[in-house]
Amino acid sequence: MAVCIPKGEFAALQARLAAGCAGTTTASATRLRRTGRAAAPLGPPSVPEAPDLSAAIAALSNAGRSWTLLMPYGDLLTSNQRLHHMAECRVRKRLRQEAALTARAHRLPRLERAAVYYVLHPRPIKRKRDPGNWAPSAKAYVDGLVDAGLVPDDNSDFLVGPYPEMGRPVATGGARISLVVVELASVSL
């Protein structure tokens, strides 16, 4: 299923991708309403180091080429959030569109089968992080990869994962996610 994006919205998303910043969405406004105060300024977004998943990729059978896609900066969905369903839908739609645009911008080839890892680059705070909590964001990103035509569908016949991994923290800004897409040779039964 392809997502239709209005021409003006497509141009705005491309501009945000080129700038490396997707902006904020309603989650920041929700925090303001809920707590009565704005979240602390996070500063300009930084670019984290590229994740090294060579050991995890080597463990895959039939692994081929791999690509790393750093998703734009912006609000992400977590399993612990309690957003209104419409606010959650808007964030999910934005994440899906950003993944499709990023995959098209990198000109990734169409793959028969693929494995996907999502690497969390958390904010620089001292508490421990659980990368599995960002599964709703990863699901939206994978749907965007399907929209871009990277794989035919996101069922188990064509896609393995998405698997959570921890990456290095970002220096400034909020959490970011990198997607590592690994080409898998087709399995003949």
Side-chain angles (χ1 to χ4, degrees), residues 17 20-22 42-43 45-81 91-92 95-189:
L17 284 173
C21 178
L42 300 174
S46 64
V47 178
E49 292 179 24
D52 180 25
L53 298 179
S54 55
I57 293 171
L60 291 171
S61 61
N62 304 325
R65 301 174 288 177
S66 66
W67 299 268
T68 301
L69 307 173
L70 179 63
M71 294 294 115
Y73 176 76
D75 289 333
L76 299 172
L77 294 173
T78 68
S79 299
N80 297 331
Q81 287 174 325
V91 174
R92 186 178 295 118
L95 295 175
R96 189 172 180 162
Q97 290 173 344
E98 289 172 355
L101 286 173
T102 304
R104 288 183 188 127
H106 282 82
R107 297 177 186 242
L108 297 181
R110 185 171 176 82
L111 306 173
E112 286 185 38
R113 293 190 71 231
V116 174
Y117 293 89
Y118 67 95
V119 182
L120 174 67
H121 303 284
R123 288 187 359 227
I125 57 177
K126 295 187 181 200
R127 66 177 180 219
K128 301 284 184 182
R129 295 298 188 135
D130 177 10
N133 279 343
W134 275 263
S137 291
K139 171 64 175 148
Y141 284 144
V142 167
D143 289 341
L145 295 178
V146 172
D147 293 343
L150 185 67
V151 289
D153 197 6
D154 60 349
N155 63 31
S156 61
D157 293 338
F158 303 106
L159 189 74
V160 178
Y163 298 119
E165 294 284 338
M166 277 302 286
R168 298 194 98 7
V170 291
T172 59
R176 293 185 82 172
I177 290 182
S178 293
L179 295 179
V180 179
V181 180
V182 181
E183 179 181 32
L184 298 177
S186 60
V187 179
S188 58
L189 296 175

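In this structure, the side chain of Q81 engages the main chain of L76 through a donor-acceptor pair within 3.5 Å.
The environment of CZ in R107 is sparse: at most 12 heavy-atom neighbours from other residues, nucleotides or ligands sit within 6.0 Å.
Every residue meeting the side-chain contact (heavy atoms from CB on, under 4.5 Å) condition with D130, not counting sequence neighbours, appears here in chain and number order: N133. Scored by the side-chain hydrogen bond (donor to acceptor under 3.5 Å, both in side chains) test, D153 finds N155 as partners (sequence neighbours excluded). Legend: residues meeting side-chain contact (heavy atoms from CB on, under 4.5 Å) with A115, ordered by chain and number and at least two apart, are L60, V160, V182, L184. Not counting sequence neighbours, the partners of R127 by the side-chain contact (heavy atoms from CB on, under 4.5 Å) test are I125, R129. With sequence neighbours left out, the side-chain hydrogen bond (donor to acceptor under 3.5 Å, both in side chains) criterion links S54 to D52. With sequence neighbours excluded, the residues that form a side-chain contact (heavy atoms from CB on, under 4.5 Å) with A114 are L111, V151, L159, V181.
Annotation: side chain of P164 is not in contact with side chain of L120 (no heavy-atom distance under 4.5 Å). In this structure, the side chains of K139 and L77 stay at 4.5 Å or more apart for every pair of heavy atoms.
Rounding to the nearest 0.5 Å places CD of E165 at 11.0 Å from NE2 of H121. With rounding to the nearest 0.5 angstrom, the CZ atom of R96 is 10.5 Å from the CG atom of L145.
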Could you pull out all donor-acceptor pairs under 3.5 Å where a side-chain atom in residues 64-71 meets a protein atom, sequence neighbours excluded?
from, atom 1, to, atom 2, distance (Å)
R65, NE, E183, OE1, 2.9
R65, NH2, E183, OE1, 3.3
R65, NH2, E183, OE2, 3.3

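Note on residues 155-164: no pairs pass salt bridge (Lys or Arg N to Asp or Glu O under 4.0 Å), not counting sequence neighbours. The stretch residues 142-184 participates, sequence neighbours left out, in these ring pair (Phe, Tyr, Trp, His ring centres under 6.0 Å) pairs: Y117-Y163. Note on residues 126-145: no pairs pass ring pair (Phe, Tyr, Trp, His ring centres under 6.0 Å), not counting sequence neighbours.
The minimum heavy-atom distance between A175 and P122, with the atom names listed, is CB-CA, 4.1 Å. The two residues G132 and S79 have their closest heavy-atom pair at O-OG, 4.1 Å. Taking each heavy atom of R113 and A185 in turn, the nearest pair found is NH1-O, 3.7 Å.
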